[in-house]
> 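Structure incoming, see below.
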Amino acid sequence: MTIRVAIRPMQLSDLAQVQAIDRRSFSMPWPASAYEYELNENPYSLLWVAEISPEEGEAIVVGIIVVWLILDEAHIASIAVHPDYRAQRIAQQLLISALRGAIQKGSQIATLEVRAQNQIAQRLYKRFMFEVIGRRVRYYRDNNEDALIMTATGLGPAYLEWLDQGLWRADAPTEN
Ligand SMILES: CC(C)(COP(=O)(O)OP(=O)(O)OC[C@H]1O[C@@H](n2cnc3c(N)ncnc32)[C@H](O)[C@@H]1OP(=O)(O)O)[C@@H](O)C(=O)NCCC(=O)NCCS
């Protein structure tokens with residue numbers, strides 16, 4: 001199922017909802033000040049939220065993504081969807097917007113670290129052509145889990161066209 005969301009830049013007024021999603025999604029959430037720093041102080045940080053607008057009531061932030069632009073690399077620093085709204089393709093929509101935005105700013109590769117046991121996130125990334133290129137042993141301090149380093153290369157105009165044409169939908173990623 002795909003739920004319709006609006007993807008828009010994160011604002012300071014979103015922070016309470018953003019932190020609530022972060023805390024419900026990660027065993028080591030970012031400190032409260034981190035998102036504020038990213039929004040106010042880090043010119044190389046791109047932050048978006050996914051928002052749904054119910055027929056009645058206020059819009060609700062249901063997902064977040066943070067990307068750091070480091071030279072020609074887009075580093076996906078964080079992506080999370082509120083537990084009540086998962087498996088509705090919200091993370092896919094966030095990732096597409098983030099990759100588009102990063103490519104428009106000159107990124108040629110995208111990288112990230114993901115917990116070795118986090119199959120759901122790895123499946124998401126593989127759909128967008130990320131491949132495992134390395135492993136950081138015992139990277140996560142809370143449970144000593146390894147991190148996989150995943151990279152998508154060749155993010156130029158052809159990749160943008162591949163995104164725009166929806167070709168990423170075509171094949172489910174292979175398990176391994
Ligand atoms: C990883 C996460 C962001 C995915 O968000 P989401 O909106 O549920 O993901 P999507 O609905 O866009 O689905 C992405 C893929 O994961 C699969 N997926 C999502 N939830 C799933 C579930 N509960 N079980 C199995 N597969 C699932 C989808 O089927 C989809 O794959 P497909 O297109 O090949 O079918 C979300 O689970 C989350 O916030 N997890 C906690 C934070 C986290 O682990 N972040 C990643 C850090 S590296």
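These numbers come from a predicted model, not from an experiment. Both counts, for ligands and for their atoms, begin at 1 and track the order of listing.
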> Hydrophobic clustering (ILVMFWY, side-chain heavy atoms < 4.5 Å, transitive) - are Ile109 and Trp162 grouped together?
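Result: no, two separate clusters.
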> Tell me, yes or no, whether the heavy-atom count around Glu58 atom CD, taken from other residues, nucleotides or ligands under 6.0 Å, exceeds 12.
no
> Does an N or O anywhere in Glu113 fall below 3.5 Å from an N or O of ligand 1?
no
> Taking only heavy atoms of Ser25 into account, list the atoms of ligand 1 that are under 4.0 Å away from them.
41 (C), 42 (C)
> Does Asn118 come within less than 4.0 Å of ligand 1, judged by its heavy atoms?
yes
> Do any N/O atoms on Gln88 end up under 3.5 angstrom from N/O atoms on ligand 1?
yes
> At under 4.0 Å between heavy atoms, is it the side chain or the backbone of Tyr125 that contacts ligand 1, or both, or neither?
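Contact part for Tyr125 vs ligand 1: side chain (C-beta onward).
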> Please work out whether any backbone atom (N, CA, C, O) or any side-chain heavy atom from C-beta onward of Tyr85 is under 4.0 Å from ligand 1, and answer side chain, backbone, both or neither.
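For Tyr85, no heavy atom sits under 4.0 Å from ligand 1.
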> Hey, looking at atom 1 (C) of ligand 1, which of Ser78, Ala80, Ala121, Ala87 has the closest heavy atom?
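The residue whose heavy atom sits nearest atom 1 (C) of ligand 1 is Ala121.
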> Is there side-chain contact between Ile70 and Tyr44, with at least one heavy-atom pair below 4.5 Å?
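No - every pair of side-chain heavy atoms lies 4.5 Å or more apart.
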> Please answer: with hydrophobic residues joined when any side-chain heavy atoms are less than 4.5 Å apart, are Leu69 and Trp48 in the same cluster?
yes
> Between Ile79 and ligand 1, is there a nitrogen or oxygen pair with a distance under 3.5 Å?
yes
> Can any side-chain N or O of Arg86 pair as donor or acceptor with the backbone N or O of Val81 at less than 3.5 Å?
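Side chain of Arg86 to backbone of Val81: a pair is present.
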> Compute the shortest N/O to N/O distance between Leu124 and ligand 1 and return yes if it is under 3.5 Å, no if not.
no
> Can you spot which of Val61, Asp22, Val49 makes a side-chain contact (heavy atoms from CB on, under 4.5 Å) with Gln17?
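The side-chain contact (heavy atoms from CB on, under 4.5 Å) with Gln17 is passed solely by Val61 among Val61, Asp22, Val49.
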> Atom CD of residue position Glu131 - does it have more than 12 heavy atoms of other residues, nucleotides or ligands inside 6.0 Å?
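No.
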> As a check for students: among Leu148, Val62, Val114, Ile120, identify the option with a heavy atom nearest to atom 17 (C) of ligand 1.
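Comparing heavy atoms across Leu148, Val62, Val114, Ile120, the nearest one to atom 17 (C) of ligand 1 lies in Ile120.
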> For the residue pair Ser78 and Trp30, what are the closest heavy atoms and their distance?
CB-CZ2, 4.0 Å
> May I ask you to list the atoms of ligand 1 that are less than 4.0 angstrom from any heavy atom of Phe26?
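This gives 42 (C), 43 (C), 45 (N), 47 (C) as the contact atoms.
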> Looking at non-hydrogen atoms alone, which of Arg89, Gln119, Arg115 comes nearest to atom 11 (O) of ligand 1?
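Going through Arg89, Gln119, Arg115 one by one, Arg89 has the nearest heavy atom to atom 11 (O) of ligand 1.
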